[in-house]
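All figures in this text were calculated on a predicted structure; none of them were measured in a lab.
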Amino acid sequence: MSFRVTSAIISRNVVDGLQTNLSRLQRTQEQLSSGRRINRMSDSPVDAASAMRLRAEQAANEQVGRNVGDGLSVLGAADTAFTSMSSMLGRVRQLVVAGLNSTNGPTERAAMASEIDQLKGGLIALANTQYLGRPIFAGTQDVPAAFDTTTGQYMGNGQAVQRNVSTDGSTTLGVTVTGDTAFSTLFSAGAGAGILDTISAGLRNPGGPAALNAELSNLDKASATMQDARSLVGSTYNRLLGIQGAGQSRLDQVGAQLSAAENIDLPKTIIDMQIQSTSYQSALGASAKIIQPSLVDFLR
């Protein structure tokens, strides 16, 4: 059986070859312009699936990083407030000790009481410290302030704000301490007066200094409670720093794996495009010599 090779068959084969070369060149140009070896699933199904998993892990690690960063900011604000409050409580203790000194008369004790009232106002203002418009010592309660500035009553709840610190959502960490835990009865004792109010009243009362010994002990206990809360803030801060460092390391690893999976080798891709472009131009020249124009082409 014989086959007749016509000019139409030759033309079709040449055009098919040119289309194949042109498609290869266009794909290389697309990779070079995007910087990615995989622009669609068909380019490499296995690598594309791996890249999708890596991108999902990258997004999860970035979200955890944002959670940790937010938690560090809250804890930093809390530690700053505790630092200022510690020095102010130290001043309150100095005034109480001075009030117990019999050399100070009613006028001096009244002045001390006035200073303690001012210190109480400053302490409540620090206890109402806010971060992004929310009081950090109010727990999860949506209130404008953790403590009432007039009565000293705690208006929050006992639930610490939690932040997710794992990519699978299995680990959460409290990034706040609640005001009722941190400041105990400094500002209010349920329906009764708080320690600071009691001290102020004792200094103003002629017979009050005798009761200041008990309040000095209560003040020391309240200060110790606040220091315990501050220690918890510090340990949590350090733990979050460790999680942040580990998360950043994993994020760098995922980024490197993702780059290896889908990014191009730039020098190699440039050379490939030059080779393919040269080959295509050579094929065009050879095709022009192989497919000679016929009389029909001229008649068209």
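Side-chain contact check for Ser87 and Arg91: no donor-acceptor pair (N or O, by modelled atom type) lies under 3.5 Å. Under 3.5 Å, the side chains of Asn157 and Thr140 contain a donor-acceptor pair of N or O atoms.
Interatomic distance, OG of Ser84 versus CG of Leu89, reported as 11.0 Å (0.5 Å rounding). One finds the CG atom of Asp168 at 11.0 Å from the CD atom of Glu57 (value rounded to the nearest 0.5 Å). The CD1 atom of Ile116 lies 5.0 Å from the CG atom of Leu95; values are rounded to the nearest 0.5 Å. Rounding to the nearest 0.5 Å places OG of Ser184 at 10.5 Å from NZ of Lys221. Between Leu240 atom CG and Leu72 atom CG the span is 5.0 Å, to the nearest 0.5 Å. Note that CD of Gln141 and CZ of Arg134 are 9.0 Å apart. Values are rounded to the nearest 0.5 Å.
Taking each heavy atom of Gly179 and Tyr154 in turn, the nearest pair found is N-OH, 3.4 Å. Of all non-hydrogen atoms in Arg109 and Asn101, the two that sit nearest each other are NH2-O, 3.3 Å. The minimum heavy-atom distance between Thr178 and Ala160, with the atom names listed, is CG2-N, 4.1 Å. Taking both residues in full, the closest heavy atoms of Ala182 and Val177 are given as CB-CG2, 4.3 Å, listed atom of the first, atom of the second, then distance. Of all non-hydrogen atoms in Arg230 and Ser86, the two that sit nearest each other are NH1-OG, 3.6 Å. What you find for Pro135 and Ala146 is that their closest heavy atoms are CB-N, 3.8 Å.
In this structure, Ile136 is a member of the same hydrophobic cluster as Val165, with clusters built from ILVMFWY side-chain heavy atoms closer than 4.5 Å. A chain of hydrophobic side-chain contacts below 4.5 Å, direct or via other Ile, Leu, Val, Met, Phe, Trp or Tyr residues, connects Leu132 to Leu75. Both Tyr237 and Val161 are members of a single hydrophobic cluster when ILVMFWY side chains are connected at heavy-atom separations under 4.5 Å. Note on Met155 and Leu123: separate hydrophobic clusters, where clusters join Ile, Leu, Val, Met, Phe, Trp and Tyr whose side-chain heavy atoms are under 4.5 Å apart, directly or indirectly. In the hydrophobic cluster analysis, where Ile, Leu, Val, Met, Phe, Trp and Tyr join through side-chain heavy atoms closer than 4.5 angstrom, Ile243 is grouped together with Val233.
A distance-only check finds a donor-acceptor pair linking the side chain of Ser73 to the backbone of Gly69 [under 3.5 Å]. Listed for the Glu115 side chain is no donor-acceptor partner under 3.5 Å among the backbone atoms of Met112. At least one donor-acceptor pair closer than 3.5 Å links the side chain of Asn104 to the backbone N or O of Ala98.
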Could you walk me through whether Ser200 and Arg204 pass the side chain to side chain donor-acceptor pair (under 3.5 Å) check?
CA-CA 6 Å; Ser200 177; Arg204 285 188 171 91; 2.5 Å; yes
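Side chains of Leu100 and Leu216 form a contact here, defined as non-hydrogen atoms less than 4.5 Å apart. Using a 4.5 Å heavy-atom cutoff, the side chains of Phe137 and Asn128 are not in contact. Proximity of Leu119 to Leu196: side-chain heavy atoms (C-beta onward) are nowhere separated by under 4.5 Å. Put simply, the side chain of Leu186 reaches to within 4.5 Å of the side chain of Leu219, judged on heavy atoms. Proximity of Lys120 to Ile124: side-chain heavy atoms (C-beta onward) are separated by under 4.5 Å at one or more points. Counting only heavy atoms from C-beta outward, the side chains of Ser235 and Asn238 never approach each other to under 4.5 Å. Here the side chains of Gln58 and Leu251 are in contact, with some heavy-atom distance below 4.5 Å. You'll find the side chain of Arg239 reaches within 4.5 Å of the side chain of Leu173, heavy atoms only.
The side chain to side chain donor-acceptor pair (under 3.5 Å) test with Arg163 singles out one residue from Thr176, Asp70, Thr236, and that residue is Asp70.
Between Phe82 and Phe183, the ring planes are tilted. Angles from 30° to 60° get that label.
Other residues, nucleotides and ligands contribute over 12 non-hydrogen atoms within 6.0 Å of the CD atom of Gln227.
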